[in-house]
Number of protein chains: 2
Amino acid sequence: MDRVDSSLVALRRILRATELFGRELAESAGLTAAQFRVLQVVAEKGQTTAKEISQQMRVSQATVTALVDKLVGHGLVQRIKSLTDRRQINIVITETGRRTIESAPDALQQRYVREFTALSDWEQSMIVAVLERVSAMLDAEDLDVAPVLDAGDLRQPGEAG
Amino acid sequence: MDRVDSSLVALRRILRATELFGRELAESAGLTAAQFRVLQVVAEKGQTTAKEISQQMRVSQATVTALVDKLVGHGLVQRIKSLTDRRQINIVITETGRRTIESAPDALQQRYVREFTALSDWEQSMIVAVLERVSAMLDAEDLDVAPVLDAGDLRQPGEAG
DNA sequence: TCATTTACTTCGGCAACCTAAATAACATTC
DNA sequence: GAATGTTATTTAGGTTGCCGAAGTAAATGA
């Protein structure tokens, strides 16, 4: 097998690992993957809006509404009307929500971080360089991607509305 | 931003790029991502069964049945009863199906392959080494992954087979 | 032969999407 | 300051993807 193939296979494995893990992670929190992703976004921003979530996740606002409904039902987030712009509804994470996120055994990322930090300096540099190179080769868009490794983002991107 | 974060961000970008691309690819063929994935699996094997597809994609047979129904509706695959085991139904790609796959502008992989092959020898080696390393760090299972880079597989990956 | 297993489909149901349309509120403009 | 447009969100209705359970048909085997 030549190197192109080897690299493609490795990429596929990476994708597969993150995807499979994403589901488990969500399920360990009693949520679906999509719901967990929303919760993560809210947790990351602390406070956000349906619009922001829909842009970040690249799904329609309608979808976000439905997902947030579920999270509200679970008591993980709250909807609070914005005072500055009464069209807006801020979505804030609750204490329960934060605990849910924190207690989720983010095993994949933890393992990755653990192993990564155990590597030597030059190995770390090499990995960063290569991943960024590959990312550029795939022409990944220049989005503001938070440093959270989570298959979540890749399941229901959609060009959203 | 430290190197762990940089690598995670790059990984996310890679995941996002492949996922977003997967949808476009499928849509360019007038199919959904899941349907396209099935078509790819069938194309790859030339002839297969519902069971095999469900294992490869890690979805239930019921799901495969539904997806294959769609593809049959589009005239992209055919169901042909096995002669050796009459419980089995072989799913074979049609000429139309093959053309659909072939004409799908597999832009992501094409670009990747083009850029990859343009790299110097040592760069290629480095990329392969790093991707395999990362893949191992994420503990991607040891599956026989075909050398096809396609976001498809990451949505309902399978342990292949 | 009769029970079991295997391969597949059908059915009912849920989650995640989407678009279009409805609300409500901010923004403009004449 | 009323009409018009834009923005933020939800509601309604529909499709797809997915599952488990149950059903059918065929192979297997005791």
Side-chain angles (χ1 to χ4, degrees), chain A residues 19-20 22-23 26-27 30-39 41 47-74 77-91 151-161, chain B residues 19-20 22-23 26-27 30-39 41 47-74 77-91 151-158 161:
Chain A
E19 153 62 12
L20 290 179
R23 276 212 189 170
E27 278 157 22
L31 300 172
T32 64
Q35 290 163 18
F36 193 82
R37 254 174 287 148
V38 172
L39 186 57
V41 171
Q47 161 167 343
T48 183
T49 63
K51 170 140 215 203
E52 261 193 324
I53 296 173
S54 81
Q55 286 173 338
Q56 176 113 8
M57 290 180 60
R58 297 216 181 177
V59 297
S60 71
Q61 280 199 26
T63 300
V64 171
T65 294
L67 294 172
V68 169
D69 281 349
K70 300 276 171 60
L71 295 180
V72 169
H74 284 279
V77 303
Q78 268 184 309
R79 284 191 173 98
I80 297 176
K81 289 198 173 145
S82 165
L83 298 174
T84 57
D85 182 339
R86 278 151 53 219
R87 289 171 306 181
Q88 280 193 169
I89 299 186
N90 289 312
I91 295 160
D153 271 337
L154 38 93
R155 296 195 70 216
Q156 309 314 334
E159 61 197 338
Chain B
E19 155 63 12
L20 289 179
R23 275 215 186 170
E27 278 158 20
L31 301 172
T32 65
Q35 290 163 19
F36 193 81
R37 258 173 284 147
V38 172
L39 186 57
V41 171
Q47 161 165 342
T48 183
T49 63
K51 169 138 217 207
E52 262 193 323
I53 296 172
S54 82
Q55 286 173 337
Q56 174 114 10
M57 289 179 63
R58 288 218 185 172
V59 297
S60 71
Q61 279 199 27
T63 300
V64 172
T65 295
L67 293 173
V68 169
D69 281 348
K70 301 276 172 59
L71 295 180
V72 169
H74 285 279
V77 304
Q78 267 184 312
R79 285 191 172 96
I80 296 176
K81 290 199 171 145
S82 165
L83 298 174
T84 56
D85 182 339
R86 276 153 53 222
R87 290 170 304 179
Q88 281 193 170
I89 299 185
N90 290 313
I91 295 161
D153 271 334
L154 41 91
R155 298 192 72 214
Q156 299 321 326

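Computation of the quantities below employed the complete heavy-atom set of this structure, encompassing side-chain atoms and omitting hydrogens, waters and symmetry-equivalent molecules.
Contact check for B/Arg79 versus B/Asp69: side-chain heavy atoms found under the 4.5 Å cut-off.
Between A/Ile91 and the choices A/Leu39, A/Val38, A/Val77, the side chain to side chain contact (heavy atoms under 4.5 Å, CB included) rule is met once, by A/Val77.
Between B/Leu67 atom CG and D/dT15 atom P the separation is 16 Å, expressed in whole Å. D/dT16 atom P lies 15 Å from atom CZ of B/Arg37, rounded to whole Å. The distance from atom NZ of A/Lys81 to atom P of C/dT23 is 15 Å, rounded to the nearest whole Å. Rounded to whole angstrom, the span from the CD1 atom of B/Ile53 across to the C1' atom of C/dA7 amounts to 13 Å.
An OP1 or OP2 oxygen of D/dA25 is reached within less than 4.0 angstrom by no side-chain nitrogen or oxygen of B/Arg86.
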Could you run down nucleotides 7-13 of chain D 5' to 3' and tag each one B, S or - for protein heavy-atom contact under 4.0 Å?
-> BSBBB--
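Applying the side-chain hydrogen bond (donor to acceptor under 3.5 Å, both in side chains) rule to B/Thr48 yields the partners B/Glu52; only residues at least two apart in sequence or on another chain are considered. The side-chain hydrogen bond (donor to acceptor under 3.5 Å, both in side chains) search around B/Thr65 returns none, not counting sequence neighbours. Contacts of A/Gln88 classified as side-chain hydrogen bond (donor to acceptor under 3.5 Å, both in side chains), with partners at least two apart in sequence or in another chain: none. B/Arg86 meets the side-chain hydrogen bond (donor to acceptor under 3.5 Å, both in side chains) test with no other residue; sequence neighbours excluded.
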